[in-house]
> 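Before I ask anything, let me first share the structure, which is written out below as structure tokens.
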Amino acid sequence: MSGDHSDAAIARRVRRLETLLEEKGVLTGARLDEVIDAFVTGATPANGARVVARGWTDPDYKARLLSDGTAAVRELGYMEGAYERLRVVENTENAHNVVVCTLCSCYPLFLLGPSPSWYKSEAYRSRVVRDPRAVLAEFGLHLPAGTRITVWDSSAETRYMVLPRRPGDTEGLSEEQLAALVTRNALIGTAAL
């Protein structure tokens, strides 16, 4: 497959598509702006945190989340209009997961908010695959030597989100209080809670 995949070429194609939609009366420019603004405004790591908190408090939901992340997240209203597949991977005592997109910066925007600049950097994208333990240590996450680290490579078809380990001594916390403990970096796997 060949073709120009530069930002300028993509921007030209997007603008041409917008123009066609407007010319055909499918969508006005103002309505398109409203849709994009609504999407971006609703894109926040708090959404992913709520998903995690539900998984921590509801074993049936957690099972659905791990078997079909897209459907489970749609139950909470967070995947409407999203067509990519979401796979949720669980951190355990002996296994840690971290997410990257080696080709670009594919990322479940609506669940994690705008991607951090380091996630898009070539340094992170290449190094986390080669030496995840060292990269995680740079984030301040020092895992025991026996912990298995799996790096998940997001794509346009499949996005990943980490289900972090639930912190100890949180049994009495509400779902809302638990969600407040979850960070974007924990959802990517570059931090623990």
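No hydrogens, no waters, no symmetry mates; every other heavy atom, side chains included, goes into these values.
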> Please check this pair: side chain of Glu22 against backbone of Thr19, looking for a donor-acceptor N/O pair closer than 3.5 Å.
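Judged by distance alone, no pair lies under 3.5 Å.
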> Will you find, in the side chains of Thr70 and Arg74, an N or O donor that is under 3.5 Å from an N or O acceptor?
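Note: Thr70 and Arg74 side chains miss the donor-acceptor criterion.
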> Report the residues that fulfil ring-ring contact (aromatic ring centres under 6.0 Å, His included) with Phe139, sequence neighbours left out, ordered by chain and then residue number.
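For Phe139, the residues satisfying ring-ring contact (aromatic ring centres under 6.0 Å, His included) (neighbours in sequence not counted) are Trp118.
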> Could you go through Arg50 and Glu175, starting from their C-alpha distance and side-chain angles, then the distance that decides it, and tell me whether this counts as side-chain contact (heavy atoms from CB on, under 4.5 Å)?
CA-CA 8 Å; Arg50 287 184 198 102; Glu175 202 171 296; 5.8 Å; no
> Assess whether atom CD of Glu176 is packed by more than 12 heavy atoms of other residues, nucleotides or ligands within 6.0 Å.
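No.
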> Please, which pairs that meet ring-ring contact (aromatic ring centres under 6.0 Å, His included) have at least one residue in residues 165-193, sequence neighbours excluded?
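ring-ring contact (aromatic ring centres under 6.0 Å, His included) check on residues 165-193 returns no pairs.
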> Can you measure from CZ (Arg85) to OG (Ser155) and round to the nearest 0.5 angstrom?
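These two atoms lie 9.0 Å from each other.
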> Quick one: ring-ring contact (aromatic ring centres under 6.0 Å, His included) partners of Trp56, sequence neighbours excluded?
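With sequence neighbours excluded, Trp56 shows a ring-ring contact (aromatic ring centres under 6.0 Å, His included) to no residue whatsoever.
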> Would you say the side-chain atoms of His96 pair up with the backbone N or O of Arg148, donor to acceptor, closer than 3.5 Å?
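Side chain of His96 to backbone of Arg148, a donor-acceptor pair under 3.5 Å: no, none is there.
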> Look up atom CG in Leu111 and atom CG in Asn47, then write down how far apart they are to the nearest 0.5 Å.
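It is 6.5 Å, given to the nearest 0.5 Å.
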> Under 3.5 Å, is there a donor-acceptor pair between the side chain of Ser67 and the main chain of Ala63?
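Such a contact is found between Ser67 side chain and Ala63 backbone.
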> When you measure from the side chain of Asn91 to the backbone of Asn97, do you find a donor-acceptor pair of N or O atoms at a distance under 3.5 Å?
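Looks like yes, one N/O pair under 3.5 Å.
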> Evaluate the criterion side-chain contact (heavy atoms from CB on, under 4.5 Å) for residue pair Leu178 and Val52; output intermediate values, then yes/no.
CA-CA 8 Å; Leu178 288 168; Val52 167; over 6 Å; no
> Are side-chain heavy atoms of Val100 and Trp152 found at a separation under 4.5 Å?
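No - every pair of side-chain heavy atoms lies 4.5 Å or more apart.
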> For residues 112-140, which residue pairs pass the salt bridge (Lys or Arg N to Asp or Glu O under 4.0 Å) check, not counting sequence neighbours?
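Residue pairs passing salt bridge (Lys or Arg N to Asp or Glu O under 4.0 Å), neighbours aside: Arg127-Glu138.
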> Are Leu112 and Met161 close enough that some pair of their side-chain heavy atoms sits under 4.5 Å apart?
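Yes, close enough: below the 4.5 Å cut-off.
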> Could you state the interatomic distance from OH (Tyr124) to OG1 (Thr190), rounded to the nearest 0.5 Å?
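It is 6.0 Å, given to the nearest 0.5 Å.
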> Flag the pair Thr28 / Leu21 as yes when at least one side-chain heavy-atom distance between them is below 4.5 Å, and no otherwise.
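Side-chain contact under 4.5 Å: no.
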> Under the side-chain hydrogen bond (donor to acceptor under 3.5 Å, both in side chains) test, which residues partner Arg165, sequence neighbours left out?
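Listed in chain order: nothing, the list is empty.
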> So how far is it from Glu171 CD to Thr57 OG1, rounded to the nearest 0.5 Å?
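With rounding to 0.5 Å, CD (Glu171) is 12.5 Å from OG1 (Thr57).
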> Less than 4.5 Å apart, any side-chain heavy atom of Pro114 and any of Tyr107?
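A side-chain contact under 4.5 Å is absent here.
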> Do side-chain atoms of Arg184 reach the backbone of Ile188 as a donor and acceptor pair under 3.5 angstrom?
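Absent.
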> Can you check whether Thr147's main-chain N or O pairs, donor with acceptor, with Asn94's side chain at less than 3.5 Å?
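Between the backbone of Thr147 and the side chain of Asn94 there is no qualifying donor-acceptor contact (under 3.5 Å).
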> Can you pull the ring-ring contact (aromatic ring centres under 6.0 Å, His included) pairs that have at least one residue in residues 167-187, sequence neighbours excluded?
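Listed by first then second residue: nothing to list.
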> Determine, for Glu75 against Arg64, whether the closest basic-nitrogen to carboxylate-oxygen distance falls under 4.0 angstrom.
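Arg64 and Glu75: salt-bridged.
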> Give the intermediate values and the outcome of side-chain contact (heavy atoms from CB on, under 4.5 Å) for residues Ile149 and Leu136.
CA-CA 10 Å; Ile149 300 173; Leu136 294 175; 4.1 Å; yes
> Any side-chain heavy atom of Thr183 sitting closer than 4.5 Å to one from Pro45?
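No; the side chains remain at least 4.5 Å from each other.
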> Do the side chains of Val98 and Val162 get nearer than 4.5 Å, heavy atoms only?
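Of all side-chain heavy-atom pairs linking Val98 with Val162, none is under 4.5 Å.
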> Atom OH in Tyr160, atom SG in Cys106: separation rounded to 0.5 Å?
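It is 11.5 Å, given to the nearest 0.5 Å.
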> Report the distance from atom CZ of Arg54 to atom CG of Leu163, rounding to the nearest 0.5 Å.
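Going from CZ on Arg54 over to CG on Leu163, the span is 13.5 Å.
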